[in-house]
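Data first, discussion second: the structure below is written as structure tokens.
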Amino acid sequence: LSTRLRMDEAGINYVARLYEERGCTIAEKNVGVMKPYDLLVYCPGSGGLRRYFVEVKSHLRYVLVAELSEAETELAESNPYDYVVCNVMGLGNPDSSTWVALCGLYAELPKVLVTETREERRARLFFQPQR
């Protein structure tokens, strides 16, 4: 559990820095908090500030698949153009310069909705390696 929490915190902080470098404001950071997103971000755009719910998936190795929880899937399905999923990979290496973050709008990411029971759906997302 402590390894998972450290990985989540490192991944969330890494993605928060990437957004701040783009001029965005981090309004909320949820490390170890059960919410269907990790960051609430406001980014400048042509029509003013745009709000994004950002979910960060953290991996020790290079994994190009991420799965959302039921609550995350529900929020993403209802806000597909405002929900961003970031897949942070390589956290097994303590040197953050080797980490890779692939992010995309939920609406645009290839995915499969997995139904465990009639009531529960989870989105399995597929990321493309950068060239």
Side-chain angles (χ1 to χ4, degrees):
L1 183 60
S2 63
T3 300
R4 167 60 43 202
L5 188 56
R6 279 196 315 272
M7 280 177 39
D8 287 347
E9 184 175 14
I12 291 167
N13 287 333
Y14 184 75
V15 171
R17 279 192 306 276
L18 294 176
Y19 272 97
E20 288 171 334
E21 289 170 3
R22 297 169 120 182
C24 301
T25 301
I26 308 300
E28 199 175 314
K29 190 186 292 188
N30 300 311
V31 176
V33 177
M34 296 304 292
K35 283 198 171 185
Y37 58 91
D38 294 314
L39 299 167
L40 181 61
V41 178
Y42 289 90
C43 295
S46 58
L49 287 180
R50 180 145 179 222
R51 177 194 69 192
Y52 293 101
F53 301 102
V54 180
E55 176 60 26
V56 178
K57 297 300 180 183
S58 304
H59 303 283
L60 290 173
R61 297 176 189 233
Y62 294 90
V63 178
L64 295 170
V65 177
E67 190 166 290
L68 299 181
S69 70
E70 180 182 8
E72 293 162 353
T73 300
E74 188 176 309
L75 182 60
E77 286 283 314
S78 61
N79 297 278
Y81 290 96
D82 300 317
Y83 197 93
V84 175
V85 181
C86 291
N87 198 35
V88 181
M89 302 173 285
L91 294 171
N93 186 334
D95 179 5
S96 64
S97 70
T98 66
W99 299 354
V100 175
L102 301 176
C103 300
L105 285 174
Y106 179 81
E108 298 172 354
L109 287 169
K111 71 186 80 49
V112 172
L113 290 177
V114 179
T115 305
E116 296 294 329
T117 66
R118 272 195 321 209
E119 298 82 26
E120 182 183 7
R121 289 187 319 161
R122 294 174 173 261
R124 187 169 296 141
L125 306 158
F126 304 95
F127 292 84
Q128 300 299 316
Q130 290 181 328
R131 299 177 198 271

**OP:** Show the numbers, then the answer: is there a side-chain contact (heavy atoms from CB on, under 4.5 Å) between L64 and Q128?
**Re:** CA-CA 7 Å; L64 295 170; Q128 300 299 316; over 6 Å; no

Original post:
Can you list the steps and then say if C43 with Y52 is a side-chain contact (heavy atoms from CB on, under 4.5 Å)?
Top reply: CA-CA 8 Å; C43 295; Y52 293 101; 4.1 Å; yes

**OP:** Please assess E67 against K57 for the test side-chain contact (heavy atoms from CB on, under 4.5 Å), listing each intermediate value before the final yes or no.
**Re:** CA-CA 8 Å; E67 190 166 290; K57 297 300 180 183; over 6 Å; no

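When every heavy atom of I26 is checked against every heavy atom of E20, the shortest pair comes out as CG1-OE2, 3.7 Å. Closest non-hydrogen pair, A10 versus L91, comes out as CB-CD2, 4.4 Å. The two residues G11 and V88 come nearest to each other via the heavy atoms O-CG2, 4.1 Å. Among all heavy-atom pairs drawn from L109 and L125, the shortest one is CB-CD2, 4.2 Å. The minimum heavy-atom distance linking G23 with P44 is given by the pair O-CD, 3.5 Å.
Between the CD atom in E55 and the CG atom in N87 there is a gap of 10.5 Å [rounded to 0.5 Å]. The CG atom of L60 lies 8.0 Å from the OG1 atom of T3; values are rounded to the nearest 0.5 Å. How far OG of S2 is from CD of E9: 12.0 Å, rounded to the nearest 0.5 Å.
Judged purely by atom type and a 3.5 angstrom limit, S58 uses its side chain to pair as donor or acceptor with the backbone of M7. Checking side-chain atoms of K111 against main-chain N and O of Y106 turns up a donor-acceptor pair under 3.5 Å. A donor-acceptor pair under 3.5 Å links the side-chain atoms of T73 to the main chain of A123, judged by distance alone. Checking side-chain atoms of E74 against main-chain N and O of A71 turns up no donor-acceptor pair under 3.5 Å.
We find that E70 and R122 are not joined by a salt bridge, their nearest charged nitrogen and carboxylate oxygen being 4.0 Å or further apart.
Sorted by first and then second residue, the disulfide bond (SG atoms under 2.5 Å apart) pairs with a member in residues 53-91 read C86-C103; sequence neighbours excluded. Here ring pair (Phe, Tyr, Trp, His ring centres under 6.0 Å) pairs that include residues 78-103, with residues two or more places apart or in two chains, are Y14-W99.
Side-chain atoms of R17 and Y19 form no donor-acceptor pair, as typed in the model, at a separation below 3.5 Å.
The cluster map of Ile, Leu, Val, Met, Phe, Trp and Tyr, joined by side-chain heavy atoms under 4.5 Å apart, puts L102 and I12 in different clusters. Y42 and L18 fall into different hydrophobic clusters, where Ile, Leu, Val, Met, Phe, Trp and Tyr residues are linked whenever their side-chain heavy atoms come under 4.5 Å apart, directly or through other members. F126 and Y62 sit in two unconnected hydrophobic clusters of ILVMFWY residues. Membership requires side-chain heavy atoms under 4.5 Å apart, directly or through other members. Both V100 and V85 belong to a single network of hydrophobic side chains, linked directly or stepwise wherever heavy atoms of I, L, V, M, F, W or Y lie under 4.5 Å apart.
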Please table the atom pairs, donor to acceptor, closer than 3.5 Å between any side-chain atom in residues 29-41 and protein atoms at least two apart or in another chain.
unit_1, atom_1, unit_2, atom_2, d
K29, NZ, N13, OD1, 2.9
N30, ND2, E28, OE2, 3.2
N30, ND2, Y37, O, 3.3
K35, NZ, E28, OE2, 2.7
Y37, OH, E28, OE1, 3.4
Y37, OH, E28, OE2, 3.0
D38, OD2, V56, N, 2.8

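Heavy-atom neighbours of R124 CZ from other residues, nucleotides or ligands within 6.0 Å: at or below the threshold of 12.
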